[in-house]
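Convention: sequence-line order gives letters A, B, ...; per-chain numbering from 1.
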Amino acid sequence: MLEIRNLHARIASTGTEIIRGLNLTVKAGEVAAIMGPNGSGKSTLSYVLAGRDDYEVTEGDILYDGQSILEMDPSERAAAGIFLAFQYPMEIPGVATMEFLKVALNAQRKARGEEPLKIPDFIKRVKDAAGSLEMDMAMLKRPLNVGFSGGEKKRAEILQMKLLQPKLCVLDETDSGLDIDALRIVADGVNALRGPDRAMIVITHYQRLLDHIVPDTVHVLYRGQVIKSGDKTLAHELEANGYAGIIEEAA
Amino acid sequence: MNMHAPPQRTVAETALVDAFGVRLSDLPGDGAVTVKRDAAIEQVKAGLPTRHVEAWHYTDLRRLLTLVPPHDTSSVTKPIKALLAETVVLPVLNGVAHGKAPVVEGVTLQRVSETLAEGSCARALGARDADDTIGAINSAFVTDGWFVDVAPGTAVAAAFELQNVLGAGQAHVRFPVRVGDGASVTIVERQSGAAAAFSTSVANLLIGRDATVRWLIVQDLPDTTALLSQFNAEIGEGSSLSLFLMNEGGKLVRQEVRVDASGQRSDFQLRGVNLLSGDTHTDVTMVLDHSAPNAGSRELIRNVVTGKARGVFQGRINVHQIAQKTDAKMACNTLLLSDDAEFSAKPELEIFADDVQCGHGATVTEINANHLFYLKARGVDDKSARGLLVKAFVAEAIEQLDDEAIVEALEARLEDWFATHG
Ligand SMILES: Nc1ncnc2c1ncn2[C@@H]1O[C@H](COP(=O)(O)OP(=O)(O)O)[C@@H](O)[C@H]1O
Ligand SMILES: [Mg+2]
């Protein structure tokens, strides 16, 4: 489903290269965990996948269902089924959450040639999704993410993911800011979306999340490259020994 | 050579002076009105204000006013659809009040042409001072309008909509409104038209004690029209005035707001939305006098500027020595959507009382790139995402109006504006 080939990306404003020859393949149905120390480029990778224009791809390619997405703008990538759950979801004053959900859902439906949802159908979907994440509907009457706690913002991201039903989910440190109960609720939400046609990239630097969302593959990102790949036992190894050994081994 | 010879008249100044000669015999009014008209045209003859006049610093009227077409009494217009559902429409078409005065209980309605003919409105005519160019031009040329007199204690259920609908040519209208003690009323003022025109419009609102007035001004003139408009109000003891302004068009627009909060415990709220596009110039200039104690006021102006449009907000609050415990706050926030767009904000506080709470702030921003990315990452295309963010920016000023029907009607206008200018 996703094939990243020798990807190089830099910060557009400064020219500093962050992603330096990254290779990664994720198949349909697969849950791939990306782990790595702070500052290794995990969030940057997620932004480059989503098409944020603060970053410039200078070399390599990203193939999604066999097609390069580099020329697609973020809304086109989203409509094609790529979803990024942000590490730090933004607060957007003045934009009501419900209104935003409706606009986003219908924008994607329109891009796929589907009819806009009828209001009662839309509300039912939101209620169901919010219920399963133990979110209060009153929260959704507020402006988008404004005044939400860290944990509420993360739940709101997963709520959007449930509503939009993307094909490729990229979750950037969804576990940070969640207490253990919230972590379980969110992980259940994510697990419910696992399926043969959907791939997931779960970015984290703790093993903790991976106890709840058990990955098929684990990749270690360091200084903008995947320096080691393995199965879920790699995550346990990292938990026990830290990154130092693997970094040394790769050097 | 005489160094002090007045500069040569501009095309617009000449057109105004000439128009007075042409129109004189057709302008309604008794002797007292004629005296006022003559004095007013003398002020116009002295020349239009330039940027050297402080009140006109950002709107050099002498340079900017180029649109003064001759009167065109043959041009035909129709009343426009009212903003709100339950409304008594009082149209003025091409400078002439249209239709019979409707009968509304507790309210006296009269055409301004009649009040001019009988001279009852002569006292209200004339310029306030040498800078009051709008008052002067309007006093010289005013032909009609509607006088609305709400009797004390009357709660008017339906809104009144005062329509200044321009055809081609010129129209100079007035809307005197009196609201008696304990009365309440909603007034919508429309400035609208389809062809190139020049208009002045003056509203004079006198509010008694413990009355509640909501006044909405919606201007959607074509970008070939010049409008010089004035809203004057005096607020009595314990009364409140909520004024809303929405500018959506016009080539050259000056909207003056002059409010005297002369009653104790009065409340004044001004909310303004300026949607500026194309190659246009829009100036909102407010002067608010707090001349009684224990009163409050709030101004919130939200501007969206695109294309080569230029906007101005001058807001001046004078807190007189007697006006202790005044609570006044003014904010002007601008969103610039293009490199050539421009907005000048000049908030001023002049405070002579010592026990007051006053403040002001002005900001200018662009669309937040992070917010834009977030919306796009959810599949919202660039244009719609920008639209959502811009609407969010101005919607706050509208939502504060706290009346579902009004908020809905104004938000619908917002949608329409974005559909054509977004
Ligand atoms: N827009 C940016 N401006 C400046 N520095 C950036 C920007 N984006 C990322 N970086 C830098 O790139 C490196 C990788 O950051 P990031 O991708 O956030 O790492 P991670 O998510 O793995 O912690 C860090 O040194 C970070 O400071
Ligand atoms: Mg990160």
Between [X] and [Y], what is the shortest heavy-atom contact and its length?
X: A:A78; Y: B:A377; answer: CB-O, 3.3 Å
X: B:G379; Y: A:A107; answer: O-CB, 3.4 Å
X: B:F373; Y: A:G51; answer: CE1-C, 4.1 Å
X: A:I92; Y: B:L389; answer: CG2-CD2, 3.6 Å

So, do A:Y88 and B:Y374 have ring centers that fall under 6.0 Å from each other?
->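 Not under 6.0 Å, so no.
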Main-chain N/O of A:P93 paired to B:H371 side chain as donor or acceptor, under 3.5 Å |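 No, because the side chain of B:H371 does not come within donor-acceptor range (under 3.5 Å) of the backbone of A:P93.
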What distance separates B:N368 CG from A:E91 CD, expressed to the nearest 0.5 Å?
->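 Interatomic distance, B:N368 CG to A:E91 CD, rounded to 0.5 Å: 11.5 Å.
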Criterion side chain to side chain contact (heavy atoms under 4.5 Å, CB included) on A:R52 and B:N370, from CA distance to verdict | CA-CA 9 Å; A:R52 189 170 188 155; B:N370 293 333; 2.5 Å; yes
Considering residues, nucleotides and ligands other than [X], do more than 12 of their heavy atoms fall under 6.0 Å from its [atom1]?
X: B:E366; atom1: CD; answer: no
X: A:K110; atom1: NZ; answer: no
X: B:D339; atom1: CG; answer: no
X: A:Q67; atom1: CD; answer: no
X: B:K308; atom1: NZ; answer: no

Using non-hydrogen atoms only, which part of [X] is less than 4.5 Å away from chain B: side chain, backbone, both, or neither?
X: A:D73; value: side chain
X: A:L144; value: side chain
X: A:A111; value: neither

Between A:P74, A:G94, A:A79, the one whose heavy-atom pairs under 4.5 Å with chain B are most numerous =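 Max contact count across the listed options: A:P74.
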B:D381 side chain reached by A:S75 side chain, heavy atoms, under 4.5 Å |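 Yes; the side chains approach each other to less than 4.5 Å.
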Heavy-atom side-chain proximity of B:L375 to A:M90 below 4.5 angstrom =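 Side-chain contact under 4.5 Å: no.
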Pairing of B:R378 and A:E157 as salt bridge, 4.0 angstrom limit =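 Yes, charged N to carboxylate O under 4.0 Å.
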